[in-house]
Amino acid sequence: MSTTASDPLATLGSLPGVPDAVDSVRKAVDRVYGHRVMRRRSTEVTAEAALRGSRGSAALAGADWNLEEVRRRTDFSGEDEARTVGAALRLTAEAGQLLSIWRQSPLRVLARLHLVAAGGATPDDAVGRPRLAGEPVDEPLIEAPLPGADEVAGRLEGLSQLIIAGTAAPALVTAAVVHGELLALRPFGSRNGLVARTAERIVLIGSGLDPKSICPAEVGHAEQGRAAYVAAFEGYTTGTPEGVAAWIAHCGRSVELGVRESTAVCEALQRGAA
């Protein structure tokens, strides 16, 4: 985010291709919210979207389980993949509880998300706080250069102030930037990708774009594949208008794929098949 405009997020919303992505996402979301099933069974759609979103986020973190295994499993302790899936499920459940806090204290929310994600797997003094100089980061999917602790602290504070101040930027733009910044910074010692994708979810819900949380972007990120996810993120880290716009468009496509998933759920409910 190199712009110096008074509302830099809104400025990003005018990058080439971004208005089209925003418009496409809005139309897709409006369509699924208009589905007749949503008038009487939205709670069921929300629950299913949460499960599928958790599965997608865990897949990007290296635990690519099929949906029925996630649905069936009750014990998420033990091996690394099970702990990853458990962390994704806990984060999705927690996201809805943090909406009222996000606009006032984003850093507090991020600390809570890391605490939930870590689930006791990280030493207590490292949970829920940005990493200190020299502390390692376990995030195998993301290989971009790791910013130093001072840069992390400064950029987190800047991101927090932008959110607190509010923005005229579309929800998609804000969500994509929050997601991208957290991936770039990797502020915690572990689970940064899971936290970043949950923060994206919180923005999409809290902005009013997806108030019932039925458009899981995590599904779309996973469906597009890890290689596409990393490539789009690397474009974001360049800071160029083209790279940032491509990342926002990638996030937009992910939301649209999440919409498609929930539309299928609505159709199944309507047929009495789910």
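- Side chains of Ser213 and Arg201: a donor-acceptor N/O pair is present below 3.5 angstrom, by distance only.
- At a cut-off of 3.5 Å, with distance as the only test, no side-chain donor of Ser54 or Arg90 sits close to an acceptor on the other residue.
- Looking at Leu156 and Leu107, their side chains come closer than 4.5 Å, going by heavy atoms from C-beta outward.
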Take Arg52 and Glu261 through the test salt bridge (charged side-chain N to carboxylate O under 4.0 Å, His left out) and record every step on the way to the result. CA-CA 9 Å; Arg52 296 180 185 216; Glu261 189 88 353; 3.0 Å; yes
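- Under the 3.5 Å distance criterion, with hydrogens and angles disregarded, a donor-acceptor pair is assigned to the side chains of Ser254 and Gln224.
- Not one N or O on the side chain of Asp7 forms a donor-acceptor pair closer than 3.5 Å with the backbone of Thr167.
- The closest side-chain heavy-atom distance from Arg186 to Ile142 is below 4.5 Å.
- There is no side-chain donor-acceptor pair under 3.5 Å between Arg39 and Tyr33.
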Ring pair (Phe, Tyr, Trp, His ring centres under 6.0 Å) between His179 and His250, worked out: CA-CA 12 Å; His179 184 170; His250 180 89; 8.7 Å; no
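- Within the 3.5 Å criterion, the main-chain N or O of Leu194 finds a donor-acceptor partner in the side chain of Thr198.
- No hydrogens or angles considered: a donor-acceptor pair under 3.5 Å links the side chains of Ser24 and Glu256.
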Show which side-chain atoms of residues 58-66 pair as donor or acceptor with protein atoms under 3.5 Å away, not counting sequence neighbours.
from: Asp64; atom 1: OD1; to: Arg55; atom 2: NH1; distance (Å): 2.8
from: Trp65; atom 1: NE1; to: Glu81; atom 2: OE1; distance (Å): 2.9
from: Asn66; atom 1: OD1; to: Glu68; atom 2: N; distance (Å): 3.1
from: Asn66; atom 1: OD1; to: Glu69; atom 2: N; distance (Å): 2.8

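- In this structure, the side chain of His114 engages the main chain of Ser190 through a donor-acceptor pair within 3.5 Å.
- Taking each heavy atom of Leu159 and Val177 in turn, the nearest pair found is CD1-CG1, 4.5 Å.
- Between Arg83 and Asp80, at least one side-chain nitrogen of the basic residue sits less than 4.0 Å from a carboxylate oxygen of the acidic one, meeting the salt-bridge criterion.
- Side-chain contact between Thr174 and Ser207: absent, with no pair of heavy atoms (C-beta onward) separated by less than 4.5 Å.
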